[in-house]
2 protein chains.
Amino acid sequence: MARKAGSHSEITGPRIRAEAQRLFARHGFAAVSMRQIAAAVGVQAGALYLYTPDKEALLFDLLETHMKDLLAAWAAVPRCGDALDALERFVRFHIRFNLDRAEAVFLSYMELRNLGPENFTRIEALRRSYENELEAILKAGQADGSLSVPDTKLATLAIIAMLTGVNTWFRAGGRLSRERVEEIYWDMVRKAVGA
Amino acid sequence: MARKAGSHSEITGPRIRAEAQRLFARHGFAAVSMRQIAAAVGVQAGALYLYTPDKEALLFDLLETHMKDLLAAWAAVPRCGDALDALERFVRFHIRFNLDRAEAVFLSYMELRNLGPENFTRIEALRRSYENELEAILKAGQADGSLSVPDTKLATLAIIAMLTGVNTWFRAGGRLSRERVEEIYWDMVRKAVGA
DNA sequence: ACCGTAACTGAACGAATGTTCAATATCAAA
DNA sequence: TTTGATATTGAACATTCGTTCAGTTACGGT
């Protein structure tokens, strides 16, 4: 057997990335073999190498895509109002975006160490530029007096850690709706850094 | 060659656990081989099986020891004063304890999925009982009116996520001392959940 | 109907994996 | 100094790993 009926790279490529993301998130990068990914797609292991030069590049592609999607989605959020409004938008955006992509978020926080130094640096830069978005809001809020933060950088990291933590416990259909979770976290963030 | 000069199980055992923790934290459980651990200890791979029945049990031992140490250390903290005092003690304790054991903390948050269902449940139970300690403080604070929390369980998880996040960026000898970091985080937590 | 190419197979590569075990050297106690 | 328990080696086991590639089939345009 060789080429399969109805096979197309525009279909197989995305499916490989989707299954890889699912398996990496569930079992960890190092614990998942290329053969497992191939089997989930319904293909032989050798076929994966038509879509990625090697295993690490597959992981890097997933992480980079996620981080760029994150930055693009935040850039698309309309900005108006003062710093407090911007902060509320950021809090709600972060929770919503991350809950919608739990697997990709998990990967981005857990599998960075499986990247080589160069790839690691690239992802780190993307992450830092996302953090800078929040830091800019906190700075603006301090300038106009609407926010009061003991240390801008630490508050940035503290808020992001707190918000990202939602992904570890939230389950759809649970006690609280996403809307309600946004509400509660925004309340805590506002009080934590409000003037 | 067989038994080595000066060899004792009270020395080799702890060294195996120490090297395993270091390597697991640095590269991930699945990415570290028994031979790598053995080499770090200065021993052959087969010797490890005098100290652990298998690789997963070695990981479980590290996680369980860490969680029990955490609970014991918190239990040893003298409790006096009102709920606000207790909350401050918890915040400072958590940051200090976690910074002193960065590798173990990292493992406990990242490698849970490499445990079998039974071992997983055991560690989860320990983690939940730690969360319950903070939750009890928040409840007491609401009862006596010193704290105001939109949702007790969520506030518990949010605070722990925020505090544990310190481990991802803190480096000794950096811009801020541990004492100062405690100060800053306590300020944010107090404002976030204070009445 | 034909052809070039895109998509995939299936087998193979050497290296590495977790784990077992008979053999053996060192230890502590008598 | 002998002895039995303790600690370790080093080779071996069957699997599995990431990756390569010659061969083969299906597709899309002519």
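A note on names: the letters A, B, ... follow the listed sequences, proteins ahead of strands, and every chain is numbered from 1. Note that this is a predicted model, so its numbers are computed, not measured.
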Exercise. Is the cationic atom of A:Arg17 (NZ for Lys, CZ for Arg) positioned less than 6.0 Å from the six-membered ring centroid of A:Tyr51 and within 45 degrees of its normal?
Worked result: no
Seminar exercise, completed: Taking for A:Gln44 and for B:His8 the nucleotide of DNA chain C with the nearest heavy atom, the one nearer the 5' end belongs to A:Gln44
Problem set entry | Full working for side chain to side chain contact (heavy atoms under 4.5 Å, CB included) between A:Ile123 and A:Glu64 | CA-CA 6 Å; A:Ile123 301 295; A:Glu64 191 187 36; 4.0 Å; yes
Exercise. Is there a residue in residues 12-27 of chain A whose heavy atoms reach under 4.0 Å of DNA chain D, and which residues are they?
Worked result: none
Exercise. Does A:Lys4 put a side-chain nitrogen or oxygen below 4.0 Å from OP1 or OP2 of D:dA26?
Worked result: no
For this session: Return yes if some donor-acceptor pair links the side-chain N/O of B:Thr156 with the main-chain N/O of B:Thr152 below 3.5 Å, else return no.
Result: yes
For this session: Round to a whole Å and report the spacing from CG of A:Leu50 to P of C:dT5.
Result: 16 Å
Exercise. Can you find a side-chain donor-acceptor pair between B:Glu56 and B:Asn119 that sits under 3.5 Å?
Worked result: yes
Problem set entry | Protein-to-nucleotide contact annotation, 5' to 3' order, nucleotides 14-21 of chain D [B base; S sugar-phosphate only; - none; under 4.0 Å, heavy atom] | ---BBBB-
Exercise. Think B:Ser9 has a side-chain N or O under 4.0 angstrom from the OP1 or OP2 of D:dT6?
Worked result: no
Exercise. Can you check side chain to side chain contact (heavy atoms under 4.5 Å, CB included) on A:Arg190 and A:Leu87, steps first, answer last?
Worked result: CA-CA 8 Å; A:Arg190 182 175 38 77; A:Leu87 182 58; 5.9 Å; no
For this session: Spell out yes or no: do the side chain of B:Arg3 and the base of D:dT6 have one donor N/O and one acceptor N/O closer than 3.5 Å?
Result: yes
For this session: Using the side chain to side chain contact (heavy atoms under 4.5 Å, CB included) rule, take A:Leu112 and A:Leu115 through it: C-alpha gap first, then chi angles, then the decisive distance, then the call.
Result: CA-CA 6 Å; A:Leu112 264 177; A:Leu115 259 31; 3.9 Å; yes
Exercise. Can any side-chain N or O of B:Arg92 pair as donor or acceptor with the backbone N or O of B:Arg96 at less than 3.5 Å?
Worked result: no
Exercise. Roughly how many Å is it from CG in B:Leu58 to P in C:dT19, rounded to a whole number?
Worked result: 10 Å
Exercise. To the side chain of B:Ala5, which of D:dA7, C:dT9, C:dC27 is closest?
Worked result: C:dC27
Exercise. Given atom CD of A:Glu10 and atom C1' of C:dA6, what is their separation to the nearest angstrom?
Worked result: 10 Å
Exercise. Is there a path from B:Leu50 to B:Met34 through hydrophobic residues (I, L, V, M, F, W, Y) whose side chains come within less than 4.5 Å of each other?
Worked result: yes
Problem set entry | Residue pair B:Ser148, A:Lys191: steps toward the side chain to side chain contact (heavy atoms under 4.5 Å, CB included) verdict | CA-CA 11 Å; B:Ser148 169; A:Lys191 283 158 65 180; 4.1 Å; yes
